[in-house]
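Since the structure comes first, as structure tokens, the remarks are kept for the end.
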There are 2 protein chains.
Amino acid sequence: MSSASTPPGARAAATTRGRPPKLDQARTVEVALALLDEAGLDALTMRRLAEAMDVRAGALYRYFATKHELLTAMAEALLADCLERPLPSPDWSERLAELAHRMRAALLSRRDGARVYAGTHSTGRHTLGFADTLIGVLREADFAPDDAARAALTLVNFTLGHTLEEQAALQVAGDGPADPERLRDAVTAAQYPHLAVTLPVLTSTDFTAHFAFGLRLLIDGLRAAGPGPAAPGTGG
Amino acid sequence: MSSASTPPGARAAATTRGRPPKLDQARTVEVALALLDEAGLDALTMRRLAEAMDVRAGALYRYFATKHELLTAMAEALLADCLERPLPSPDWSERLAELAHRMRAALLSRRDGARVYAGTHSTGRHTLGFADTLIGVLREADFAPDDAARAALTLVNFTLGHTLEEQAALQVAGDGPADPERLRDAVTAAQYPHLAVTLPVLTSTDFTAHFAFGLRLLIDGLRAAGPGPAAPGTGG
DNA sequence: ACCTGAACACCGTTCAAGT
DNA sequence: ACCTGAACACCGTTCAAGT
């Protein structure tokens with residue numbers, strides 16, 4: 001049940017004396033994720049979270065030493081469902097794609113999920129289990145350990161970068177002109193011939209297609225490299 | 001000289017009467033980037049920046065409507081040098097790799113540069129010029145417009161995701177145990193066979209090699225797809 | 001036109017004191 | 001053991017008033 005690193009006040013009372021605590025780590029993370037969904041990361045403050053849990057802000061610090069530690073536990077919780085179902089296909093490239101899609105879905109499942117994840121470095125079981133599975137798929141496909149690890153990092157970094165942009169584009173819309181509109185204006189104002197031609201794709205909101213394209217590129221590149229001994233350096 | 005969108009107070013005084021302003025957009029961005037390098041993004045506050053410019057915080061709001069607008073101008077400035085030198089090779093894959101390396105170098109050039117860039121969406125000339133050039137390289141290699149645009153997005157998102165992680169790993173080191181150490185402990189404590197085997201690569205600080213690997217994957221994937229009409233959907 | 005002074009409505013975090 | 005109350009040292013942003 002425990003999240004990221006060893007929780008400071010998580011050891012249960014030796015004897016269950018006194019009234020039960022109003023707070024605990026798991027419930028705090030749950031409420032924090034709900035508040036994240038409602039209000040967004042910028043509005044997720046320790047005070048607002050405390051209010052949502054009917055407690056004063058200071059009380060949260062018995063369970064999380066810093067706000068960053070809470071965010072790390074939230075990031076860890078985001079990946080909770082990634083390995084629930086078994087991977088459907090025996091083909092390594094389909095397994096890889098499936099894992100990447102699940103990670104994207106996990107980050108998308110909450111507002112600003114990608115930003116939360118990008119800002120933290122959990123070493124919890126969901127995060128490490130996901131990475132282990134990813135590398136395992138590649139190793140079982142006979143990729144050399146170094147290549148498997150680097151390919152996994154690439155996949156995760158691409159997924160993170162993509163989802164960060166996807167979620168950033170998804171919202172806004174409240175105040176100023178939305179992103180695509182500003183891009184359209186800027187492109188027509190100055191001379192960007194290639195942006196002008198590709199504007200429909202660049203402003204498309206079919207992020208699933210964008211993601212699938214990039215993912216295919218990576219997997220095709222991996223297929224081209226092919227399983228076997230470690231790839232040579234950048235030399236030749 | 002102007003950055004991102006139309007600057008509010010940027011129109012020069014009709015007649016140069018009165019003492020010259022202590023502030024202007026360009027110099028503010030310069031000082032902000034210097035402060036970023038010294039103190040990091042979390043310590044880059046409007047008050048601290050104002051202090052560095054010998055002015056009260058409120059004065060900054062004549063040049064930037066919000067802190068986010070200042071950060072956008074900073075992100076735009078980060079990419080300033082990406083297109084200064086001409087691309088050395090006529091080969092499209094080498095041109096692409098060169099551009100990606102330049103973007104990474106630009107983000108790395110300042111502390112938390114990737115975080116600044118990830119948090120904003122500039123439509124300034126450096127950002128758009130870079131994207132236009134990227135897509136141009138692919139179009140000139142006879143990739144279909146849609147593929148060229150999507151490949152460019154993939155390249156940028158991977159570079160952003162990678163550099164975000166690289167810069168996050170680079171620092172810390174001040175307070176708690178560094179990232180690699182926590183990872184090592186977590187991996188040995190629980191059962192992550194594939195992480196255990198690849199720990200040396202995963203904790204390696206040769207981020208240039210990691211980046212080159214991912215970049216090669218993308219470019220090889222692009223070569224496999226090959227120039228020509230737009231690639232088919234995810235169908236088969 | 002450009003900046004100051006001062007305020008408004010917040011933050012994350014700490015810690016004695018209560019129960 | 002767990003939480004409150006109250007404070008500390010800050011934030012971004014606004015705006016009348018000065019020059």
Side-chain angles (χ1 to χ4, degrees), chain A residues 7-29 31-32 35-36 39-74 112 116 119-120 174-176, chain B residues 7-29 31-32 35-36 39-74 112 116 119-120 174-176:
Chain A
R11 50 192 102 264
T15 60
T16 316
R17 192 162 37 208
R19 48 186 168 296
K22 296 171 75 171
L23 257 39
D24 66 89
Q25 271 204 122
R27 228 183 68 75
T28 305
V29 169
V31 176
L35 184 54
L36 179 71
L41 181 56
D42 294 335
L44 176 68
T45 68
M46 296 301 264
R47 287 166 197 266
R48 292 242 252 159
L49 174 58
E51 191 180 19
M53 305 200 71
D54 202 38
V55 109
R56 304 296 157 202
L60 296 170
Y61 288 85
R62 186 164 301 272
Y63 299 91
F64 301 95
T66 60
K67 182 182 183 181
H68 188 262
E69 202 170 277
L70 166 66
L71 289 167
T72 302
M74 290 169 67
D112 292 329
V116 170
T120 60
D175 304 5
Chain B
R11 50 192 103 265
T15 60
T16 317
R17 193 161 36 206
R19 43 185 171 296
K22 297 172 74 171
L23 257 40
D24 67 89
Q25 273 203 121
R27 227 182 69 75
T28 305
V29 169
V31 176
L35 185 55
L36 180 71
L41 181 55
D42 294 336
L44 175 68
T45 68
M46 296 301 264
R47 287 166 196 266
R48 292 242 254 159
L49 173 58
E51 191 179 21
M53 305 199 72
D54 202 38
V55 109
R56 305 293 158 204
L60 296 170
Y61 288 85
R62 188 163 300 271
Y63 300 91
F64 301 95
T66 60
K67 183 182 182 180
H68 188 263
E69 202 170 277
L70 165 68
L71 289 168
T72 303
M74 291 169 67
D112 291 330
V116 170
T120 60
D175 304 5

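Convention: sequence-line order gives letters A, B, ...; per-chain numbering from 1.
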Practice item. Compare every heavy atom of A:M46 with every heavy atom of A:A57, then report the nearest pair and how far apart it is. Key: CB-O, 4.2 Å
Practice item. Take the protein atom CG of B:L49 and the nucleotide atom P of C:dC3, then report the distance between them rounded to whole Å. Key: 13 Å
Exercise for review: Taking atom P in both C:dC10 and D:dA9, compute the distance separating them and give it to the nearest angstrom.
Suggested key: 22 Å
Review point. To the nearest 0.5 Å, what is the distance between CG (B:L60) and OG1 (B:T66)?
Key: 11.5 Å
Review point. Do you know which of B:T72, B:L23, B:V29 makes side-chain contact (heavy atoms from CB on, under 4.5 Å) with B:F64?
Key: B:V29
Review point. Atom NZ of B:K22 and atom OG1 of B:T28: how far apart are they, to the nearest 0.5 Å?
Key: 12.0 Å
Study note, to complete from the structure: B/S/- along nucleotides 4-19 of chain D (protein heavy atoms under 4.0 Å) is BS-B---BBBB-----
Practice item. Mind checking the CG-CD spacing from A:L49 to A:E51? Nearest 0.5 Å is all I need. Key: 10.0 Å
Revision key, fill the gap. Value for CG (A:L41) from CG (A:L35), rounded to nearest 0.5 Å, stands at 10.0 Å
Point to revise | Straight-line distance of A:L70 CG to A:Y63 OH, nearest 0.5 Å | key: 13.5 Å
Review point. Should B:Y63 be listed as having a side-chain N or O under 4.0 Å from OP1 or OP2 of C:dC3?
Key: yes
Revision key, fill the gap. Distance col, row B:T45:OG1 vs B:K67:NZ, nearest 0.5 angstrom, shows 6.5 Å
Review point. Which ranges of DNA chain C pair up as stems, where a stem means three or more consecutive Watson-Crick or G-U pairs with both distances under 3.5 Å?
Key: C:4-8 with D:12-16, C:12-16 with D:4-8
